[in-house]
Structures are given as C-alpha cells and as structure tokens.
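One structure below.
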Protein chains: 2
Amino acid sequence: MPRKKATGEHDVGGRERLLAAAVGLFAVKGYAATTVRDILRAAGVTAPVLYYHFGNKEGLFLALVREGVEKVDAARLEAFKETASVVERIRRYCLANVAVRREFADLAWVVEAILSGPPEAAPPFDFRAIVTRMLRQLQDLVEEGVASGELRPCDPRHAVMVLIGFMEAASRPRLFEMAGLRADDLVEGMLSMVLDGLAGRVTQSLA
Amino acid sequence: MPRKKATGEHDVGGRERLLAAAVGLFAVKGYAATTVRDILRAAGVTAPVLYYHFGNKEGLFLALVREGVEKVDAARLEAFKETASVVERIRRYCLANVAVRREFADLAWVVEAILSGPPEAAPPFDFRAIVTRMLRQLQDLVEEGVASGELRPCDPRHAVMVLIGFMEAASRPRLFEMAGLRADDLVEGMLSMVLDGLAGRVTQSLA
DNA sequence: GTCTATACAATGATAGAC
DNA sequence: GTCTATCATTGTATAGAC
C-alpha cells in the first residue's frame with residue numbers, strides 16, 4: 001500500500017517524493033552505498049515508479065545533481081549582477097555561495113561529492129563548463145580589482161584559488177564546528193582575513 | 001593459481017599486495033563501489049587471504065586509513081619540530097602537507113574521502129583527535145605570531161580556517177589544473193597571498 | 001503512473017582441504 | 001597462509017496487471 005503521508009505533506013507525485021528521499025540518502029551515504037530499495041522505502045513508492053520517471057538509479061542521481069548545479073549557479077549570477085566595488089562583489093559572491101550551500105545542505109553535499117570525491121564513485125557528470133565559468137568570473141573580478149588599485153597586484157589565478165579555498169573551508173560545518181566557530185560570523189571573519197592578510201602590520205583595506 | 005609477479009615486484013605477502021591494490025581502487029571508486037572481488041583480482045590473491053588478514057572489507061579499509069593518517073601526522077610533526085619564525089613554520093607545514101598528499105596521492109584521497117565525504121559512505125573512523133590536534137597546533141602557532149607581532153592581530157580561529165582552506169585548495173589538482181596552474185609554484189604563490197592579503201596597498205611581510 | 005511479483009546477477013563472506 | 005568451492009543475501013531492474 002502507498003505510504004501514509006506525513007502531516008502537512010503535499011500530495012506530490014512519486015517523482016518529487018523520490019527526489020526528496022534520494023537527496024537525503026545520497027548526502028549521508030553517498031551514491032554507491034545508497035540502494036534503490038533504500039530510496040523506495042524512504043519515498044514510500046515502489047520500484048516501477050523510479051524506473052518510469054528516471055530510467056534507473058543513475059538517472060535519478062543525475063536529475064538531482066543538475067538541480068543542485070542550477071541552484072548554485074543562479075546564486076552566483078545573482079551576486080555578480082549588481083554594480084558595486086570589487087571587494088563588495090567578492091563578498092556577495094562568498095556570502096551567496098555559503099548561503100545556498102546551507103539552504104540546500106543535502107543537495108550541496110551530493111554535488112560536492114562529485115566535485116571532490118573519488119572520480120568514479122558516482123555517475124560521470126561534466127562540471128568543466130560550470131567550473132571554468134566560475135574560475136573565469138572570479139579571475140575577471142580580481143583583475144578588475146587589481147587594475148583599479150582596489151586589490152594588491154598579484155597573480156589573479158592564485159588569488160582565485162585562495163578565494164575558492166576560503167569558500168570551501170567556510171562551507172564545512174564538520175570542520176569549523178570543531179574549532180568552536182559558528183557559521184554566522186565565520187564568512188565575514190575569514191573574508192576580512194583573506195583581504196587584509198595574515199602577516200605584517202595593519203593595512204586598512206579602504207572604505 | 002597465484003598471479004604471476006610483475007618484473008621487479010618484490011615477493012611480498014598477500015597482506016601487502018592487498019593493501020597496495022585496495023588503496024588504488026578505493027581512491028578512484030570510493031569504498032562502497034569497490035567490491036571485494038575487484039581488490040582480490042588487482043592483488044592477485046583469493047578471498048580467504050583477505051579475510052584471514054583483515055577480517056573483512058572494512059578491516060582492510062581501516063588498516064589503510066590508519067596508515068594514511070600516520071603519514072600525514074608524521075609530516076606535520078616534522079614541520080613543527082625545528083625552530084624558526086612563525087611564518088616560516090607555517091610555510092613548512094603547508095609545504096609538508098601538500099608534499100605528503102602528492103607522494104601518497106591515492107592514500108590521501110582515501111583519507112580525504114572520509115574527512116569530507118558523506119558521513120556514512122565509508123566505515124566510521126574517528127578523526128576528532130587528530131583534527132583537534134591539528135587545529136590546536138595551528139592556532140597556537142598563529143597566537144604566537146600575533147603575540148610577537150609577526151602576524152597581524154586577528155581571531156586565531158579564523159586564521160586557522162583560512163590556512164586550512166588554502167591547503168585544501170592547494171591539494172586539489174582537478175581544480176587548479178583547470179585554472180592553468182601547476183602544483184609547484186601554487187603553494188608558495190597562494191601562501192604569500194594569504195600572508196599579505198588581497199586588498200590594500202603593498203605591505204612587506206618582513207624578512 | 002503505480003502496483004505485485006519476481007528474475008537474476010553480483011555481493012560479502014565462509015567451510016574445509018592442503 | 002592460501003586454495004577451491006560454495007552459500008545466503010542483497011543488488012538493480014523488469015513483466016504484466018490495473
């Protein structure tokens with residue numbers, strides 16, 4: 001029999017039930033360790049529903065990843081849209097990035113698993129275009145800042161990597177919670193540190 | 001029949017053969033997607049050899065992870081040992097970290113998969129002690145630098161997170177190669193960027 | 001679009017000989 | 001310590017009714 005729906009749960013189709021169930025499971029168990037039966041049980045549907053909508057386990061996974069990529073990508077574009085100083089746009093970018101990753105935490109984990117996990121642990125998904133675009137956007141931003149004097153002269157590619165590493169660390173609760181930090185102040189604190197640098201005397205990073 | 005040994009291959013026991021085979025497979029396929037048969041075939045041994053030495057698949061995995069943790073940990077301690085300026089010790093730490101991760105690339109991947117991957121994707125391994133120690137060491141270092149004036153006054157915990165993010169990004173070939181960077185100059189380039197900061201006018205980080 | 005029932009390959013693991 | 005042979009279970013996926 002169809003699973004009893006929880007209180008307040010919409011009468012969504014099996015497709016959405018499956019997506020919702022799968023994202024949670026993939027996030028905590030990973031793709032390979034999550035069985036089709038796990039997903040079916042969590043979604044309260046039977047096997048043919050999955051195979052009807054997604055073809056197979058891999059299809060379900062890829063549908064999920066696409067959804068996640070779009071969300072991050074959208075937040076990114078949003079942050080770049082408005083005109084502001086370079087530093088301010090970088091700041092918005094980082095805040096937006098961390099914000100989406102927190103809002104769609106499970107989905108972010110699933111995407112992250114492909115980006116940084118073992119190459120063949122999950123179905124192949126080509127991120128090159130989207131990563132390249134991100135690198136390009138950030139590098140343009142840095143170059144603009146250097147040209148205008150807002151940023152210190154530097155190799156923009158190194159600067160981009162530093163920014164990426166910073167966002168990466170700021171998005172890992174398991175890590176920064178061990179350091180006794182809350183996500184709230186972390187981003188701003190780390191960002192000002194990245195901007196002003198660790199070493200040397202105080203240099204005001206301009207108003 | 002036992003697998004024919006490749007040229008120059010030592011006549012090591014099944015135990016070592018299994019460890020060597022497993023690390024490569026876990027690195028590219030992840031724990032869950034790597035089957036016992038995969039490992040056996042790659043190692044050229046039969047099933048009972050694995051179960052005799054490691055009890056089960058999980059035991060083999062954990063033996064591997066312990067080995068990896070020890071390697072990273074040893075490199076870390078080595079970097080802290082000699083007396084030098086704070087900046088120099090930070091520099092050594094980061095170089096050492098990236099160096100081990102490159103030397104034992106597969107092993108590093110396996111460890112990384114537990115640290116940053118889905119919580120239940122691999123057998124449970126308690127990293128808390130080791131991560132806490134790393135955070136502590138870095139934070140002490142930063143505090144020492146701040147006290148001596150070598151480092152800018154700051155929240156040491158934020159500084160530690162920035163350093164961790166930096167090392168993280170510097171250890172991900174798939175990422176920085178897309179930016180057209182080679183691992184060689186990357187660490188030094190990024191480190192000076194972290195020390196001097198992105199924003200503001202040039203501040204020499206002292207000799 | 002969803003169900004019941006099931007096919008069937010692959011999986012982790014073991015027994016018992018040597 | 002390693003082998004051959006095998007098991008019980010779980011895995012993905014499908015056929016066919018409604």
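- Ion pair B/K71/B/E103 not flagged as a salt bridge, since none of the NZ, NE, NH1 or NH2 atoms sits closer than 4.0 Å to an Asp/Glu carboxylate oxygen.
- Residue B/T35 is in sugar-phosphate contact alone, with no base atom involved, counting any heavy-atom pair closer than 4.0 Å across all strands shown.
- Here C/dG1 presents its P atom at 15 Å from CZ of A/R17, a figure rounded to the nearest Å.
- Closest-nucleotide positions on DNA chain C for B/A33 and A/R15 were compared, and the one nearer the 5' end corresponds to A/R15.
- Residues B/G14 and B/A47 both approach DNA chain D. Their nearest nucleotides, taken by heavy-atom distance, put B/G14 toward the 5′ side.
- In this structure, of D/dT12, D/dC3, D/dG1, it is D/dG1 that holds the atom nearest to the side chain of B/Y52.
- When the P atom of C/dG12 is taken as reference, atom CG of B/L40 falls 9 Å away, rounded to whole Å.
- Protein atom CG of A/L18 is 10 Å distant from nucleotide atom P of C/dC3, rounded to whole Å.
- Remark: the backbone N or O of B/A169 is not paired with any side-chain donor or acceptor of A/E168 at under 3.5 angstrom.
- When distances run from any side-chain atom of B/P48 to the nucleotides D/dA13, C/dT4, C/dT14, the shortest one goes to C/dT14.
- Of the charged side-chain nitrogens involved, at least one lies within less than 4.0 Å of a carboxylate oxygen, so that A/D38 and A/K29 count as a salt-bridged pair.
- With C/dC3, D/dG11, C/dA13 as the choices, the nucleotide that has an atom nearest any side-chain atom of B/Y51 turns out to be C/dA13.
- Contact check, A/T46 against C/dT2: no side-chain N or O comes under 4.0 Å of OP1 or OP2.
- Salt-bridge annotation for B/R66 and B/E70: absent, with no side-chain N of the basic residue lying under 4.0 Å from a carboxylate O of the acidic one.
- The side chain of A/H53 lies closest to C/dT2, out of D/dT2, C/dT2, C/dC3.
- Distance from the side chain of A/K57 is smallest for D/dA13 among the nucleotides D/dA13, C/dT2, D/dC3.
- Evaluation of atom-type donor-acceptor distances gives a pair under 3.5 Å for the side chain of A/R37 against the base of D/dG11.
- Atom C1' of nucleotide C/dC3 and atom CG of A/L50 are separated by 15 Å, given to the nearest angstrom.
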>> Pair B/V100, B/E78 - check side-chain contact (heavy atoms from CB on, under 4.5 Å), show working.
In response: CA-CA 12 Å; B/V100 235; B/E78 185 65 27; over 6 Å; no
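- Counting to the nearest Å, the C1' atom of C/dA10 and the CD1 atom of B/I39 are 15 Å from each other.
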